[in-house]
Amino acid sequence: MQKIKELFNDDLVEKEVDTRGWIYRWRESGKIIFIVLRDSTGIIQVTVSRDNVSEEDFNSAKSAGIESSVIVSGIVKKDERAPGGFEILAKKFKVIGLSQNFPITKDKSDEFLLDMRHLWLRSREMTAVLKIRSTIFDMLHDFFRKEGYYEVQAPMFVSSAVEGGSTLFEVPYFGRKAYLTQSSQFYLETFIFSLENVYTVAPSFRAEKSRTRRHLTEFWHLEAEAAWIGNDDMMKLEERMIMHVIEGILEKNREELILLKRDISKLESLSLPFNRMEYADVIKIGKDVGLDLEYGADLGADEEYAITQKFDKPTFVIHFPKEIKPFYHRPDPENPSVVLNHDLLAPEGYGEIIGGGERIYDLNELLQRIKEENLNPEDYSWYIDLRRYGTVPHSGFGLGIDRLVWWIAALDHIKYAVPYPRNVRRLVP
RNA sequence: GCCGCCGUAGCUUAGCUGGUGGAGCGCUCGGCUGUUAACCGAGUGGUCGUCGGUUCGAAUCCGACCGGCGGCGCCA
């Protein structure tokens with residue numbers, strides 16, 4: 001039994017092979033049936049001629065519809081008329097699982113395909129995205145293992161927010177209220193006191209009614225936290241991580257990028273270091289391109305778009321005013337009105353994929369910031385505790401893995417980067 | 001939360017200055033021994049999102065409701 005991709009081989013021409021898969025295209029022309037067979041590796045044309053198979057097998061091929069699963073034996077032929085230049089002249093054709101009329105035909109709306117996602121996953125486009133996605137997860141784990149980070153697991157059920165409170169999904173929990181985690185950051189900070197360098201890959205949940213091409217209510221979050229590391233070193237780690245992923249994709253997924261019509265040269269031309277821009281400078285540039293932006297305002301979609309169109313590689317925006325960032329970011333000792341943080345914006349208009357920075361490690365400074373933000377210290381008691389027992393300088397970040405997939409595959413909407421996207425309306429399939 | 005837009009056959013849609021709803025794909029049957037999202041012929045399929053209003057007459061005009069899409073904000 002051979003995989004379809006292996007059949008595109010001159011050494012196999014005129015040899016008999018066995019292969020199996022699903023019917024991707026089906027055409028009949030009198031006494032000859034053309035079937036394009038699909039498996040996880042690719043597609044190949046199978047020609048079923050009445051002269052070369054038994055009547056029973058010919059009738060099987062005649063009755064088998066799109067997406068029926070079949071096993072075929074036949075001779076490999078080189079033929080210009082076949083898509084890809086090779087085909088199998090069938091000698092035996094057995095249907096394993098007959099397919100009823102497949103609901104997905106040539107005209108398809110986004111919404112219909114989302115309703116049919118459990119079947120649309122079989123499409124060549126989704127298969128390509130899923131292969132890219134698999135490589136990205138693989139390369140992220142590979143990177144952190146090589147860097148000496150430990151993989152840890154934080155709880156998904158939590159009792160309170162990391163930041164703010166409006167974005168949490170509430171779930172009943174044996175008579176109490178629990179929430180689905182929106183970030184594992186605070187838990188990761190607890191691990192660094194023993195493991196020092198840690199990361200986790202897990203879903204995060206945000207109950208925002210976002211209606212944009214870059215938001216999901218459930219997304220895969222890579223978060224890392226490291227003791228004794230400052231903001232600059234954390235950015236260096238992140239840019240190496242992104243490059244490691246890109247290199248893996250260029251090595252393993254060229255075929256998929258081509259199928260998705262991704263401009264590969266834009267990935268090939270990436271190099272270190274990535275750009276770095278002060279928040280204050282972003283505001284200036286924004287004014288140059290006609291954006292009405294005051295210092296102290298958070299960067300919106302228009303600003304991100306302007307910045308990421310301007311550069312052909314990812315850009316770190318650093319040193320935001322402390323007022324627009326969560327309380328745990330460490331103010332810059334040189335200029336306490338800004339924090340030692342960074343957002344990483346992907347190029348080509350994709351925007352923010354990472355948010356991170358240095359955390360406040362001094363107990364009193366942390367208590368002061370909690371007070372300034374009118375938060376209740378009791379809600380953060382165990383987090384504050386970490387500053388009481390041998391605190392250390394440390395930094396961390398969170399990466400939206402689905403957004404990374406979205407950018408690398410150059411997809412229009414994040415829902416194409418995820419097999420079963422979740423948003424405010426969609427829960428099925 | 002805010003601002004736009006859309007619901008017509010299984011799917012994609014035309015019809016929207018009111019006068020008995022068309023097409024392509026799919027599906028069924030037939031034809032074709034080299035098709036490439038094949039082609040040719042015949043057939044099949046619609047309470048025009050729901051409810052109410054205007055009118056002699058509503059897919060079309062008005063209102064409410066339901067469902068959905070796009071963008072902003074929020075962020076990864």
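A donor N or O paired with an acceptor N or O is found under 3.5 Å between the base of B:G34 and the side-chain atoms of A:Glu87. For B:U35, the base has a donor-acceptor partner in the side chain of A:Gln45 [N/O atoms by modelled type, under 3.5 angstrom]. Scanning atom types as modelled, one donor and one acceptor separated by under 3.5 angstrom connect the side chain of A:Ser210 and the base of B:C74. In this model, no side-chain donor or acceptor of A:Arg25 finds a partner on the base of B:A37 within 3.5 Å.
The separation of B:G34 from B:G70, taken at their C1' atoms, amounts to 45 Å, rounded to a whole angstrom. A gap of 16 Å separates the C1' atoms of B:U55 and B:G63, to the nearest Å. Nucleotides B:C72 and B:U50 are separated by 31 Å at their C1' atoms, to the nearest Å. A distance of about 37 Å separates the C1' atoms of B:A14 and B:G1, rounded to the whole Å. B:G49 and B:G67 have their C1' atoms separated by 7 Å, with the value rounded to a whole Å. Of the P atoms belonging to B:U47 and B:A64, the separation is 26 Å, rounded to the nearest Å. Only the P atoms considered, B:U60 is 13 Å distant from B:C16, to the nearest whole Å. One C1' atom belongs to B:C48, the other to B:G15, and the distance between them is 10 Å to the nearest Å.
Residue A:Arg403 places its side chain closer to B:A76 than to any other of B:A76, B:C32, B:C69. Considering only side-chain atoms of A:His221, the nucleotide from B:U33, B:A76, B:U35 that sits closest is B:A76. Relative to the side chain of A:Lys209, the nucleotides B:G1, B:G34, B:G68 differ in distance, and B:G1 lies closest. Minimum atom distance to the side chain of A:Pro83 is reached by B:U35, of the listed B:A76, B:C69, B:U35. Here the side chain of A:Arg211 is nearest to one of B:U33, B:G10, B:G71, namely B:G71. Considering only side-chain atoms of A:Ser109, the nucleotide from B:C11, B:U33, B:G70 that sits closest is B:C11. Checked against B:G34, B:C74, B:G70, the side chain of A:His215 finds its nearest nucleotide in B:C74. The side chain of A:Ala82 lies closest to B:U35, out of B:C25, B:U35, B:U12. Checking B:C75, B:A76, B:C69 against every side-chain atom of A:Arg214, the shortest atom distance belongs to B:C75. For A:Glu352, whose side chain is taken as the heavy atoms from C-beta onward, the closest listed nucleotide among B:G73, B:A76, B:G70 is B:A76.
Inspection of the A:Gln185 and A:Tyr328 side chains reveals an N or O donor paired with an N or O acceptor under 3.5 Å.
Taking atom CZ of residue A:Arg426 and atom P of nucleotide B:G68, one finds them 9 Å apart after rounding to whole Å. Across the protein-nucleic acid pair, A:Ile353 atom CD1 and B:A76 atom C1' stand 9 Å apart, rounded to whole Å. Distance NZ (A:Lys325) to P (B:C75): 7 Å, rounded to an integer number of Å. Counting to the nearest Å, the P atom of B:C2 and the CD atom of A:Glu208 are 15 Å from each other. Protein atom NZ of A:Lys62 is 12 Å distant from nucleotide atom C1' of B:U33, rounded to whole Å. With rounding to whole Å, A:Asn423 atom CG is found 12 Å from B:G70 atom C1'. The nearest whole Å value for the distance from the CD atom in A:Gln182 to the P atom in B:C74 is 15 Å. In this structure, A:Arg133 places its CZ atom 18 Å from P of B:A76, rounding to the nearest Å.
As judged by a 4.0 angstrom heavy-atom cut-off over every strand, A:Asp343 is placed among residues making no nucleic acid contact. When heavy atoms are screened at a 4.0 angstrom cut-off, A:Ser204 is found touching no nucleic acid atom at all. Using a 4.0 Å heavy-atom distance criterion, A:Glu304 is classed as a base contact. Base engagement by A:Leu216 is indicated by at least one non-hydrogen atom pair under 4.0 Å involving a base atom. As judged by a 4.0 angstrom heavy-atom cut-off over every strand, A:Asp402 is placed among residues making no nucleic acid contact.
By the stacking rule of 5.5 Å between ring centres and under 30° between planes, A:Phe34 does not stack on the base of B:G34.
Dashed line: the shortest gap from a side-chain N or O of A:Arg81 to OP1 or OP2 of B:U35 is not under 4.0 Å. Put simply, A:Arg213 has no side-chain N or O that comes within less than 4.0 Å of OP1 or OP2 on B:C69. For B:G70, one of the phosphate oxygens OP1 or OP2 lies less than 4.0 angstrom from a side-chain nitrogen or oxygen of A:Lys415.
No side-chain donor-acceptor contact under 3.5 Å links A:Trp120 to the backbone of A:Met126.
The base-pairing partner of B:U60, taking Watson-Crick or G-U wobble contacts with both distances under 3.5 Å, does not exist among the strands shown. Judged by Watson-Crick or G-U wobble contacts below 3.5 Å, the nucleotide B:G41 has B:C29 as its partner. Here B:C5 sits opposite B:G68 as a Watson-Crick or G-U wobble pair (both hydrogen-bonding atom distances under 3.5 Å).
Mapped onto RNA chain B by nearest heavy atom, A:Gly355 and A:Ser49 fall at different nucleotides, with A:Ser49 at the one closer to the 5' end. Between A:Ile32 and A:Phe112, the one whose closest nucleotide on RNA chain B sits nearer the 5' end is A:Phe112.
Side-chain contact between A:Arg122 and A:Phe102: present, with at least one pair of heavy atoms (C-beta onward) separated by less than 4.5 Å. With a 4.5 Å cut-off on side-chain heavy atoms, A:Lys91 and A:Ile75 count as touching. The shortest side-chain heavy-atom distance between A:Arg330 and A:Ile360 falls under the 4.5 Å cut-off. When side chains are defined from C-beta on, A:Met139 does not count as touching A:Ile249, because their heavy atoms never get closer than 4.5 Å. A heavy-atom distance below 4.5 Å is found between the side chains of A:Arg117 and A:Tyr420.
Relative ring orientation between A:His413 and A:Tyr416 is described as perpendicular, the plane-to-plane angle rising above 60° on a 0-90° scale split at 30° and 60°.
Here A:Tyr383 and A:Phe186 bring their ring centres to under 6.0 angstrom of each other.
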